[in-house]
Amino acid sequence: MVRAGVRLSLDREAQEVNRQGAFTHWGTVIRELLEQAEAQGELLPHIHVAQTADILVGPFAGVQAMSQVLSDYQDILTRVTALLHHILPSTVLPPILATTEITPARAQAVAHELRQDSTHHHPEPAG
C-alpha cells in the first residue's frame with residue numbers, strides 16, 4: 001500500500017489521479033505519533049507537532065522514491081533508519097533517543113506490527 005501510494009503521489013504523469021491522499025495520510029500518521037510523544041513528554045520544547053509532521057512527509061516520500069528507483073525497495077529499511085538517525089536528534093529528548101532502537105531490524109518489526117494491526121482493523125472481505 002505504501003509503495004502504491006508513493007507511485008501515485010509522485011508520478012507526474014498521473015494527471016487524472018488526486019495525489020494528495022498519500023501525503024495527507026502520511027502527515028496524519030506522523031502527526032498522531034508526534035502527538036503521542038508530546039503527551040508523554042518525549043519531544044524537545046521547540047517542536048510544533050503539526051509543522052513537524054508536515055515537514056517530515058517530504059523526506060519520507062523522498063526516501064521511498066529513492067528506494068523504489070535505486071533498489072526496487074530492497075534498501076527501504078536502511079534508508080528509513082538513516083532518515084530517523086538524522087531527524088530524531090532534533091525532535092526528541094536525548095534520554096528518549098538514547099533508549100530508542102533505530103535499526104533496520106527494528107524497522108522490519110514495526111512494519112510487521114503495522115501490517116498485523118492494519119489486518120485486524122480492516123479485515124479482508126469474505127467471499
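Nothing fancy with the numbering, it's 1 onward along the sequence. Computed over heavy atoms, backbone and side chain alike; hydrogens, waters and symmetry mates excluded. Since the structure is predicted, the reported quantities are computational estimates derived from the model, not experimental observations.
In this structure, CZ in Arg31 is found 12.0 Å from OG1 in Thr52, a value given to the nearest 0.5 Å. Atom CG of Leu84 sits about 9.5 Å away from atom CZ of Phe60, to the nearest 0.5 Å. We find the NE2-OG1 distance between His85 and Thr103 to be 7.5 Å, quoted to the nearest 0.5 Å. Distance CG/Leu56 to CD/Gln51: 11.5 Å, rounded to 0.5 Å. In this structure, CD on Glu42 lies 10.5 Å from CG on Leu34, to the nearest 0.5 angstrom. Separating the CD1 atom in Ile30 from the CD atom in Glu35 is a distance of 12.0 Å, to the nearest 0.5 Å.
In the hydrophobic clustering of ILVMFWY residues, with side-chain heavy atoms under 4.5 Å counting as a link, Val49 and Leu88 come out together. Under a hydrophobic-cluster definition in which Ile, Leu, Val, Met, Phe, Trp and Tyr are linked whenever side-chain heavy atoms come within less than 4.5 Å, directly or via other members, Leu93 and Ile47 are assigned to the same cluster.
The backbone N or O of Ile87 lies less than 3.5 Å from a partner atom in the side chain of Ser90, making a donor-acceptor pair. The backbone N or O of Ile96 sits less than 3.5 Å from a side-chain atom of Thr99, completing a donor-acceptor pair.
The shortest non-hydrogen separation linking His86 to Ala82 is ND1-O, 2.8 Å. Minimum heavy-atom separation, Leu77 to Ala107: CD2-CB, 3.8 Å. Nearest approach of Ala53 to Gly27, heavy atoms of both residues: CB-O, 3.8 Å. A pairwise comparison of heavy atoms in Val57 and Phe23 identifies CG1-CD2, 3.5 Å as the closest pair. Pairing each heavy atom of Leu43 with each of Glu38, the nearest pair is CD1-CB, 3.6 Å. The two residues Val80 and Val63 make their nearest non-hydrogen contact at N-CG1, 3.9 Å.
A heavy-atom distance below 4.5 Å is found between the side chains of Arg79 and Leu70. In this structure, Ile76 and Ser71 have side chains that are not in contact, with every pair of non-hydrogen atoms separated by 4.5 Å or more.
Each of Thr100, Leu97, Leu44 was compared with Val92 under the side-chain contact (heavy atoms from CB on, under 4.5 Å) criterion, and only Leu97 meets it.
Taking a 6.0 Å sphere around CD of Gln108, one finds it holds 12 or fewer heavy atoms contributed by other residues, nucleotides or ligands.
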